[in-house]
Amino acid sequence: MQGLAATDPTDLERSERLALMRSGELGSVHSWELVTAVDGPGTRMTVFLSGCPLRCLYCHNPDTLAMKDGGAVLAQDLLARVERYRGVFAATGGGLTLSGGEVLMQPAFAARVLRGATELGVHTCLDTSGFLGANATDTMLDDTDLVLLDIKAGDEDTYHRVTGRSLAPTLAFGRRLAERGVAVWVRFVLVPGLTDDPRNVARVADHAAAIDAVRPGTVQRVEVLPFHQMARDKWAELGRTYELDGTEPPTPEATEAVREVFRARGLTTH
């Protein structure tokens, strides 16, 4: 797994494996990569955890949806890798980002890794849909410097069409982050024919502004991400039907127009 030590689950009794997962000492990790100017500030080690309760039509990482698709990794081994990059993080203002899948499918493991990274003095970030925000304890949030909150749609009907789930938990989590003073970057994927209806865009912008209104300055930025087809081959390799196969990316002009909707609400938008 790209240099991360993986524990062979066949070497552990099922009861032992489950106990380690409950304690957060063991997690299911799909992969990791070093990235710059993505997934938070500076150069970051982004770790993709396996498992997700959402089924987004445009999912960029469909190979992370099932917990069983990841490798068993000990938190201490992951943190040893984080420590190796402390110099890079310090020099670039970067850090560790836990992504997925959905990181809050594995809250005990995430909490342990975040605590360890915080003790190392490393900036920490959660990349999440917020649907499982209730799984994040206050202690976990105390160890989280930034949350990339993906608000996938602005109303319940569109959100359910995109994800198969409900929007309300994401908005509740956003408010809780603001109340606790956790910095937020809102992310919104612009998909022609799916999320680009002006009423939907306006509602997403309203939600982002409402989170920021709880504690002004909470939403440090909004990232409007244009849909792309880079995941199409992954869906095909997995034998899954990709409903957006014929969808074209939005034009630069359309993307910029959507960014202006967020800017009109006083939100710094990229």
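Nothing fancy with the numbering, it's 1 onward along the sequence.
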Enquirer: For the backbone of Gly95 and the side chain of Arg86, can you confirm whether one donor and one acceptor N or O come within less than 3.5 Å of each other?
Expert: no
Enquirer: Under 4.5 Å between any side-chain heavy atoms of Phe227 and Leu190, yes or no?
Expert: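 Side chain of Phe227 against side chain of Leu190, heavy atoms only: no contact under 4.5 Å found.
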Enquirer: So, Arg232 side chain and Asp245 main chain: donor-acceptor pair closer than 3.5 Å or not?
Expert: yes
Enquirer: Could you grab the distance from atom CG of Asp69 to atom CG of Asn61, nearest 0.5 Å is fine?
Expert: 12.0 Å
Enquirer: Please say whether more than 12 non-hydrogen atoms of neighbouring residues, nucleotides or ligands are located less than 6.0 Å from CD in Gln220.
Expert: yes
Enquirer: Hey, quick one: are Leu267 and Leu177 part of the same hydrophobic cluster, counting side-chain heavy atoms closer than 4.5 Å, chains of contacts allowed?
Expert: yes
Enquirer: Would Arg17 and Leu26 count as a side chain to side chain contact (heavy atoms under 4.5 Å, CB included) here? Give the steps.
Expert: CA-CA 8 Å; Arg17 186 170 69 252; Leu26 185 72; 3.6 Å; yes
Enquirer: Please answer: with hydrophobic residues joined when any side-chain heavy atoms are less than 4.5 Å apart, are Met67 and Phe109 in the same cluster?
Expert: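 In one cluster: yes.
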Enquirer: Evaluate the criterion side chain to side chain contact (heavy atoms under 4.5 Å, CB included) for residue pair Leu167 and Phe131; output intermediate values, then yes/no.
Expert: CA-CA 7 Å; Leu167 168 63; Phe131 179 74; over 6 Å; no
Enquirer: To the nearest 0.5 Å, what is the distance between CG (Leu78) and CZ (Arg81)?
Expert: 9.5 Å
Enquirer: Given side chains that start at C-beta, do those of Asp142 and Arg180 come closer than 4.5 Å, heavy atoms only?
Expert: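 Yes, at least one pair of side-chain atoms sits under 4.5 Å.
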Enquirer: Look only at the side chain of Thr218 and the backbone of Val214, and say whether a donor-acceptor pair between them is shorter than 3.5 Å.
Expert: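 It does not hold such a pair.
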Enquirer: Compare every heavy atom of Gly100 with every heavy atom of Thr64, then report the nearest pair and how far apart it is.
Expert: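 Result for this residue pair: OG1-C, 3.6 Å.
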Enquirer: In the structure I gave you, are the side-chain heavy atoms of Ser166 and His160 within less than 4.5 Å of one another anywhere?
Expert: no
Enquirer: Compute whether any side-chain donor of one residue and acceptor of the other, for Asp63 and His30, lie under 3.5 angstrom apart.
Expert: yes
Enquirer: Got a donor-acceptor contact below 3.5 angstrom from the Gln229 side chain to the Leu244 backbone?
Expert: yes
Enquirer: If you apply the rule salt bridge (Lys or Arg N to Asp or Glu O under 4.0 Å), what do you find for Arg115 with Asp143, and how did you get there?
Expert: CA-CA 6 Å; Arg115 173 92 292 265; Asp143 288 327; 2.7 Å; yes
Enquirer: Sort out for me which residue in Leu96, Thr97, Asp145 forms a side chain to side chain contact (heavy atoms under 4.5 Å, CB included) with His123.
Expert: Asp145
Enquirer: Is any side-chain heavy atom of Pro226 less than 4.5 Å from a side-chain heavy atom of Pro250?
Expert: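 They are in side-chain contact.
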Enquirer: Would you please say whether a donor-acceptor pair under 3.5 Å links the side chains of Thr195 and Asn200?
Expert: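 Side chains of Thr195 and Asn200: no pair found under 3.5 Å.
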Enquirer: Does any non-hydrogen side-chain atom of Leu54 lie less than 4.5 Å from one of Lys152?
Expert: yes
Enquirer: Without swapping roles, check the side chain of Arg175 against the backbone of Ile211 for a donor-acceptor pair under 3.5 Å.
Expert: no
Enquirer: Please check if any side-chain donor atom of Thr158 sits under 3.5 Å from a side-chain acceptor atom of Asp155, or the reverse.
Expert: yes
Enquirer: Do the side chains of Met45 and Val82 get nearer than 4.5 Å, heavy atoms only?
Expert: yes
Enquirer: What verdict does the side chain to side chain contact (heavy atoms under 4.5 Å, CB included) test give for Leu74 and Leu79, after you've listed the backbone C-alpha separation in whole Å, the side-chain angles of each residue and the deciding distance to 0.1 Å?
Expert: CA-CA 9 Å; Leu74 292 169; Leu79 287 167; over 6 Å; no
Enquirer: Minimum heavy-atom separation for Ser23 and Ala108, please, with both atom names.
Expert: C-CB, 4.2 Å
Enquirer: Does a side-chain heavy-atom distance below 4.5 Å link Thr247 with Leu194?
Expert: no
Enquirer: Hydrophobic cluster membership, with links at side-chain heavy-atom distances under 4.5 Å among I/L/V/M/F/W/Y: are Leu132 and Met21 in one?
Expert: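 Same hydrophobic cluster.
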Enquirer: Between Met105 and Gly51, what is the shortest heavy-atom contact and its length?
Expert: CG-O, 3.5 Å
Enquirer: Just how far is it from atom CH2 of Trp235 to atom CD of Glu243, taken to the nearest 0.5 Å?
Expert: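 Separation between the atoms: 7.5 Å.
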Enquirer: Distance from Thr46 atom OG1 to Leu98 atom CG, nearest 0.5 Å?
Expert: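 If I round to the nearest 0.5 Å, the distance is 9.0 Å.
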Enquirer: Distance from Thr124 atom OG1 to Leu146 atom CG, nearest 0.5 Å?
Expert: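 Here the interatomic distance stands at 8.5 Å.
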Enquirer: Give a yes-or-no answer on whether the side chains of Thr36 and Thr43 include a donor-acceptor pair shorter than 3.5 Å.
Expert: yes
Enquirer: Quick check: does any side chain N or O of Arg203 sit under 3.5 Å from a backbone N or O of Ala153, one acting as donor and the other as acceptor?
Expert: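 No.
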Enquirer: Indicate whether any N or O donor in one side chain lies under 3.5 Å from an N or O acceptor in the other, for Thr268 and Arg221.
Expert: no
Enquirer: Give a yes or no on whether a salt bridge exists between Glu179 and Arg176, defined as a side-chain N under 4.0 angstrom from a carboxylate O.
Expert: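 No, Glu179 and Arg176 are not salt-bridged.
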Enquirer: List the atom of Leu65, the atom of Cys59, and the distance in Å for their closest heavy-atom pair.
Expert: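 Shortest heavy-atom separation between Leu65 and Cys59 comes out as CD2-SG, 4.2 Å.
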Enquirer: If the test is side chain to side chain contact (heavy atoms under 4.5 Å, CB included), which one of Val147, Ile151, Thr269 qualifies with Val186?
Expert: Ile151
Enquirer: Indicate the atoms forming the closest heavy-atom contact of Phe173 with Ala136, along with that distance.
Expert: CE1-CB, 4.1 Å
Enquirer: Does any part of the side chain of Phe262, heavy atoms only, come nearer than 4.5 Å to the side chain of Val224, both counted from C-beta?
Expert: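 They are in contact (side-chain heavy atoms under 4.5 Å apart), so the answer is yes.
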Enquirer: Is a donor on one side and an acceptor on the other found under 3.5 Å between the side chain of Arg165 and the backbone of Pro53?
Expert: yes
Enquirer: Go through the steps to decide whether Thr170 and Leu149 satisfy the test side chain to side chain contact (heavy atoms under 4.5 Å, CB included), and finish with yes or no.
Expert: CA-CA 8 Å; Thr170 294; Leu149 185 63; 4.1 Å; yes
Enquirer: Side-chain donor-acceptor pair under 3.5 Å between Ser129 and Glu102, yes or no?
Expert: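 A donor-acceptor contact under 3.5 Å links the two side chains.
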Enquirer: Would you confirm whether Arg215, through its side chain, and Ala178, through its main-chain N or O, come within 3.5 Å as a donor-acceptor pair?
Expert: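 Looks like yes, one N/O pair under 3.5 Å.
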Enquirer: Under a plain distance cut-off of 3.5 Å, with no hydrogens placed, do Asp127 and Ser99 share a side-chain donor-acceptor pair?
Expert: yes
Enquirer: Thinking salt bridges, do Arg259 and Glu256 make one under a 4.0 Å N-O criterion?
Expert: yes
Enquirer: Applying the 4.5 Å side-chain criterion to the ILVMFWY set and letting contacts propagate, would Tyr242 and Val189 be lumped into a single cluster?
Expert: yes
Enquirer: So, for Cys56 and Thr163, which heavy atoms are closest and what is the spacing to 0.1 Å?
Expert: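 For Cys56 versus Thr163, the nearest heavy atoms are SG-CG2, 3.7 Å.
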Enquirer: Drop me the distance from Glu223's CD to Asp39's CG, to the nearest 0.5 angstrom.
Expert: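 Reported to 0.5 Å precision, the distance equals 8.5 Å.
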Enquirer: Do Val201 and Val222 sit in one hydrophobic cluster, given that two such residues count as connected whenever their side-chain heavy atoms are within less than 4.5 Å of each other, even indirectly?
Expert: yes
